[in-house]
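To keep things clear, I will list the structure first and then write my remarks on it.
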Amino acid sequence: QVQLVESGGGLVQAGGSLRLSCAASGRTFSTLAMGWFRQAPGKERELVATITRSGGITDYAESVKGRFTISRDNGKNTQYLQMNSLKPEDTAVYYCAATSKYNSGLISARSAYEHWGQGTQVTVSS
């Protein structure tokens with residue numbers, strides 16, 4: 001069973017930066033396509049960024065393009081989300097997600113992911 005543990009959330013002022021990490025165990029990390037999702041109060045969980053198994057291709061929600069960077073280190077079984085120029089509207093619980101069901105490509109659909117972390121709170125003050 002894949003286990004995902006997020007860390008790095010916290011409180012930051014608008015314009016600041018945070019780096020989230022997601023440590024994976026239970027399966028060879030390079031066989032997992034990964035993603036970051038977020039859920040703000042009263043809203044549905046939405047995709048933030050996704051990355052292929054090798055890390056060679058990434059994609060982002062329009063709202064975070066140019067500010068967030070997703071990456072992974074297959075040797076450390078960890079994926080990251082570098083968040084710069086944070087805005088109050090980025091406030092949410094951020095979730096790490098993984099799927100082993102697909103051999104290649106970017107996985108954008110929330111329903112495609114079968115493994116989820118517990119989430120980490122990111123709060124951006126104005």
Side-chain angles (χ1 to χ4, degrees):
Q1 180 71 5
V2 175
Q3 292 187 327
L4 304 172
V5 179
E6 303 101 332
S7 61
L11 173 64
V12 64
Q13 289 188 333
S17 298
L18 282 175
R19 188 194 197 202
L20 305 183
S21 299
C22 172
S25 61
R27 187 181 177 97
T28 302
F29 190 61
S30 60
T31 66
L32 299 170
M34 302 294 294
W36 287 98
F37 288 76
R38 68 185 181 187
Q39 187 166 18
K43 295 188 176 181
E44 291 192 354
R45 193 173 299 188
E46 64 176 4
L47 176 72
V48 175
T50 181
I51 189 167
T52 53
R53 292 178 170 190
S54 67
I57 303 174
T58 59
D59 197 19
Y60 300 89
E62 285 296 325
S63 59
V64 307
K65 278 184 179 178
R67 300 188 298 122
F68 290 12
T69 302
I70 187 172
S71 62
R72 64 190 294 163
D73 185 335
N74 287 350
K76 294 183 178 180
N77 298 341
T78 303
Q79 78 157 348
Y80 306 96
L81 186 67
Q82 178 66 43
M83 305 185 293
N84 299 329
S85 302
L86 283 160
K87 304 175 181 180
E89 50 264 44
D90 295 317
T91 295
V93 178
Y94 283 71
Y95 295 91
C96 173
T99 177
S100 61
K101 296 187 291 186
Y102 305 94
N103 290 329
S104 62
L106 292 167
I107 311 302
S108 299
R110 184 180 64 187
S111 60
Y113 288 88
E114 70 269 30
H115 306 293
W116 293 85
Q118 82 286 353
T120 185
Q121 177 70 46
V122 171
T123 303
V124 184
S125 63
S126 58

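- Side-chain contact between Ser126 and Gln13 is absent, with no heavy-atom pair separated by less than 4.5 Å.
- More than 12 non-hydrogen atoms from other residues, nucleotides or ligands lie less than 6.0 angstrom from NZ of Lys101.
- Heavy atoms from other residues, nucleotides or ligands lying under 6.0 Å from CD of Gln3 number 12 at most.
- Remark: side-chain polar atoms of Glu6 are paired, donor with acceptor, to backbone N or O of Gln118 under 3.5 angstrom.
- For Arg72 and Tyr80, the positive end is not near the middle of the six-membered ring at less than 6.0 Å and at most 45° from its axis.
- Thr91 is listed as a side-chain neighbour of Gln121, based on a closest heavy-atom distance under 4.5 Å.
- By the 6.0 Å and 45° rule, Arg45 stacks over the aromatic ring of Tyr95.
- Under the 4.5 Å side-chain heavy-atom criterion for Ile, Leu, Val, Met, Phe, Trp and Tyr, Ile107 and Ile57 are members of distinct hydrophobic clusters.
- For the residue pair Ser100 / Tyr113, no side-chain donor-acceptor distance below 3.5 Å is found, with atom types taken as modelled.
- Within the 4.5 Å cutoff, no side-chain heavy atoms of Glu46 are placed close to those of Arg110.
- Each of Asp73, Leu32, Leu4, Ile70 was checked for a side-chain contact (heavy atoms from CB on, under 4.5 Å) with Gln79, and the lone residue meeting it is Ile70.
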ring-ring contact (aromatic ring centres under 6.0 Å, His included) between Phe37 and Trp116: does it pass, once the steps are laid out? CA-CA 10 Å; Phe37 288 76; Trp116 293 85; 5.0 Å; yes
